[in-house]
Every structure is written in structure tokens, then in C-alpha cells.
Amino acid sequence: MLHMKSLGLHNGIGLQGRYGFMSDFRSMSETEARLRIQILYHLFDVREFQFYDWAASYSQPTDGDLWADAFSRSREVSLFTLRTFIDEIHRLGGRAWAYVQALGAEEADLTSLKPHVFRLIDSQGKAYNHADRFPCYFANSYWACFMVHRWAPGIAELGFDGVHWDTLGALAEDYTAESKGIADFIEQAAQLLPAFHLLQTLNFVSLAWWDSSLISQKLCFPYAEVWNRSEEQRYYQFIKSGPLEGRRGVIAYYPSQDLPLGWTEAENMQARWNEAEQHGLSYLVLGDNLRRLHNEYFPNNRGLELQDIRTLRQKNGDCSLAQAG
């Protein structure tokens, strides 16, 4: 398979087009896998693809040819499908982003094995475990070093272009320390990832720890997951002026969240798509062939109606995203 990143075509900073997702990695034919990427690329100008919950565990990228997804342990993930998706994205000139839970690991005892690594203590003063599924650790430069060396070799070998560090929002009992820790994590990862030819971005949930200068310098593009209109408007202000002025980014604001009275999720999706574009952002909602997000767990997506496709294609045709940087 041809990986275009080896030709140096993955190094541009900023979005190359729209941002979409992939979360269905089950076994499928090469033809079907390539078609799924082609549909998103050609119909909606998706050039950036986040691979959501693809890994074998929160401590291990892959496990043979087939494995169950890390979170639910119920969805099949095929190594062949992953590689085919990535190869088709590169063949078309896009980029593939490997979702990694930035604070998560399967092990609960890493504090005793690694110096300067600490469990994340939440606002209740307890060591935080997410959804009773995995323990979380405090973000700092030491944790970044550990995570990059744990994940980057496998991510690079698969052909990904960058790491999407996923976070869970502000959780620590000391927000100031947590903010500094996240900044140190970003700085350290930015120093280490180029050795693996990888870029990075990070999900700022509810705009926690936001630092426009740091984001503009150390992340490929800004990415925020907002949960209400106030956060949405704050994000628009952040990218309207200052270090991020004119920089395209990603906004995730799930169609099921803050649904106006009498509206459908499809209408909410279309309105947010349009508003995001007006503010120079790509609205994360499309992926997995002809599917759209419902909530924050990406596999819980919904099929697009024909009218949705027509409307979004019309909106997409009004802007030259392929030329936007």
C-alpha cells in the first residue's frame, strides 16, 4: 500500500478541508473500505479523519489481526480495515488522526513504576476512574513522555499522520495545577512527536485550559468540544482575534445536545454546520460512510437522510474548503 506521508505531503499546519470521523473498523472488503473514505472525501470535502476508539486497549495500539474495541469490548476492529482506510485517505491526499485517550491507561499502578507520574485526583479528592473502565493519570511533561513512547511507534507504523489527544475536561481538584500540567503535556509531546513524523491536536472540552498562544504554536489546529451555546460563542471569540485569528479549527457540539424546542437533530446539525462555517470552523458531525454523530460516543451515530445529504452538500458547495488552510 502507498502511504503519501512518506512523500512529505502531511506536514501542512491547519485543516486541509473538513474534519470527519471513523468509528466502524469491522472486517470488510477492500472495495467497501475505500468507498467509505471516498464518499466522505468527494461528497463533503472531508480531508481530516479522526479514528475514534480504534485501539486494542488503553495501553496497547493493536493486538493481532482482529481485536475488540477498548471501551465497550464489543465492537470488532480489523487491522486490515484500519490500514485500508489510512491508505485510501493518503491516496486521496487527506490525513488520518489516531484518537488516544490522553490521560487513560489500563494499569492502575503506574505511579509506583514511573517517577513523577501521579493518579488524577478529582474534585472529590478521589483517584479518578472513567466510567469504571480505566484509571486516569495527571497530565504533565513526564506523562507526555510516557504516552508518546507508548503510543507513537505503533501509530506511526500504521501510517497515521498525527495524534488526536482526547481529554475528559477539567476534573482535577486543583484546576490551576491541571492547566499547567496540560500545557506541559502539550509542550513535551510537541518536542517528541516529530521524531515519529507525527503531528498533534488536543480536545479542549468546554474550553478548559484554553491557551490560544500555546494552541497556535504547538497544535496543528484548535479542536474544542462544547456543551452549550455560551461555550460555543466563547470559542467563536477565541478564533476571531489574537494568535488564532484566521486559523481554521474544529468544533464538536453534538446534535442531541441543547436541542431547541420543536427542532429535530437534523435541523440542529444543519444550523450548527452553517454557523461553524461562518466562523471559520469545521463542524465535526459526519463520518462512517453516510452517518452523523448523535452524542459524544461516536459509534452511537445515526444514518443521514437524503434531504440531509442534499442540504449539507449544497452548503459545502458554497465554500472552497479544499483551498482553506
Side-chain angles (χ1 to χ4, degrees), residues 50-61 69-73 97-152 154-155 162-193 198 200-211 214-215 218-219 222-228 231 235 252 254 257 295-298:
Q50 178 190 151
F51 283 52
Y52 178 90
D53 206 16
W54 59 276
S57 76
Y58 292 101
S59 294
Q60 182 180 348
D69 71 284
F71 186 76
S72 73
R73 301 295 198 189
W97 295 86
Y99 168 105
V100 175
Q101 182 51 251
L103 308 182
E106 298 289 344
E107 305 93 334
D109 62 348
L110 289 173
T111 56
S112 64
L113 300 176
K114 302 291 180 181
H116 309 292
V117 168
F118 311 101
R119 284 296 307 275
L120 175 63
I121 305 302
D122 65 20
S123 59
Q124 305 301 313
K126 298 180 180 179
Y128 183 77
N129 294 288
H130 183 64
D132 294 323
R133 177 58 196 85
F134 56 85
C136 289
Y137 290 83
F138 187 81
N140 59 25
S141 60
Y142 300 95
W143 182 246
C145 186
F146 175 76
M147 289 294 279
V148 168
H149 286 99
R150 163 169 278 187
W151 286 96
I155 287 172
V163 180
H164 167 95
W165 298 113
D166 194 68
T167 72
L168 301 167
L171 292 170
E173 59 180 352
D174 187 337
Y175 179 80
T176 300
E178 186 179 42
S179 296
K180 183 180 185 306
I182 289 289
D184 291 345
F185 179 99
I186 291 171
E187 292 267 9
Q188 184 64 51
Q191 292 181 33
L192 298 174
L193 287 172
L198 293 171
Q200 69 171 349
T201 190
L202 183 139
N203 179 17
F204 292 85
V205 179
S206 295
L207 303 171
W209 330 298
W210 191 269
D211 183 331
L214 179 67
I215 292 168
K218 302 300 179 180
L219 301 180
Y223 182 115
E225 177 183 331
V226 303
W227 284 85
N228 55 56
E231 292 172 0
Y235 189 20
Y254 307 112
Q257 181 69 22
N295 59 19
E296 70 273 22
Y297 186 57
F298 289 16

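The figures that follow rest on heavy atoms only: side chains count, while hydrogens, waters and symmetry mates do not. Residue numbers start at 1 and run along the sequence shown.
One distance of note links CG of Asp122 with NE2 of His130; it measures 13.0 Å at 0.5 Å rounding. Taken to the nearest 0.5 Å, the CD atom of Glu225 stands 5.0 Å off from the CG atom of Asn203. Distance check: Ile155 CD1 to Leu198 CG gives 6.5 Å after rounding to the nearest 0.5 Å. Here the straight-line distance linking atom CD of Gln188 with atom NZ of Lys218 works out to 10.5 Å at 0.5 Å rounding. Here Phe134 contributes atom CZ and Ser57 contributes atom OG; the two are 11.0 Å apart, rounded to the nearest 0.5 Å. If you take OH on Tyr235 and CZ on Phe204, they are separated by 9.5 Å, rounding to the nearest 0.5 Å.
Note on ring orientation: taking the six-membered ring where Trp is involved, the planes of Tyr297 and Tyr52 are perpendicular (angle over 60°, cut-offs 30° and 60°).
In this structure, the side chain of Glu178 does not engage the main chain of Ala170 through any donor-acceptor pair within 3.5 Å. In this structure a side-chain-to-backbone donor-acceptor pair under 3.5 Å is present from Trp143 to Ala102. In this structure a side-chain-to-backbone donor-acceptor pair under 3.5 Å is present from Tyr175 to Trp209. Looking only at distances, no side-chain donor or acceptor of Gln60 sits under 3.5 Å from a matching main-chain atom of Ala56.
Counting only heavy atoms from C-beta outward, the side chains of Gln257 and Asn295 never approach each other to under 4.5 Å. Residues Asp53 and Tyr58 are in side-chain contact: their nearest non-hydrogen atoms beyond the backbone lie under 4.5 Å apart. In this structure, the side chains of Cys136 and Leu168 come closer than 4.5 Å at one or more pairs of heavy atoms.
Residues Asn129 and Pro135 come closest through the heavy atom pair OD1-CA, 3.1 Å. A pairwise comparison of heavy atoms in Tyr137 and Ala105 identifies CE1-CB, 4.0 Å as the closest pair. Closest heavy-atom contact between Ala189 and Trp165: CB-NE1, 4.1 Å. Among all heavy-atom pairs drawn from Gln101 and Thr167, the shortest one is OE1-CA, 4.0 Å. Met147 and Gly104 make their closest contact through CE-O, 3.9 Å (heavy atoms, listed as atom of the first residue, atom of the second, distance). Closest non-hydrogen pair, Leu120 versus Ala172, comes out as CD1-CB, 3.7 Å.
The closest side-chain donor-acceptor pair between Ser72 and Asp69 falls under 3.5 angstrom.
Between Arg150 and Glu106, no side-chain nitrogen of the basic residue sits less than 4.0 Å from a carboxylate oxygen of the acidic one, so the salt-bridge criterion is not met.
Taking the ring axis of Phe138 as reference, the NZ or CZ atom of Arg119 does not stay both within 45° of it and closer than 6.0 Å to the ring centre.
Checked options Phe185, Phe118, Phe146; the residue passing with Asn140 is Phe118 (criterion: side chain to side chain contact (heavy atoms under 4.5 Å, CB included)). Of the residues Trp97, Tyr223, Phe298, the one that meets the ring-ring contact (aromatic ring centres under 6.0 Å, His included) test with His164 is Tyr223.
Around OH of Tyr142, the count of heavy atoms belonging to other residues, nucleotides or ligands within 6.0 Å does not exceed 12.
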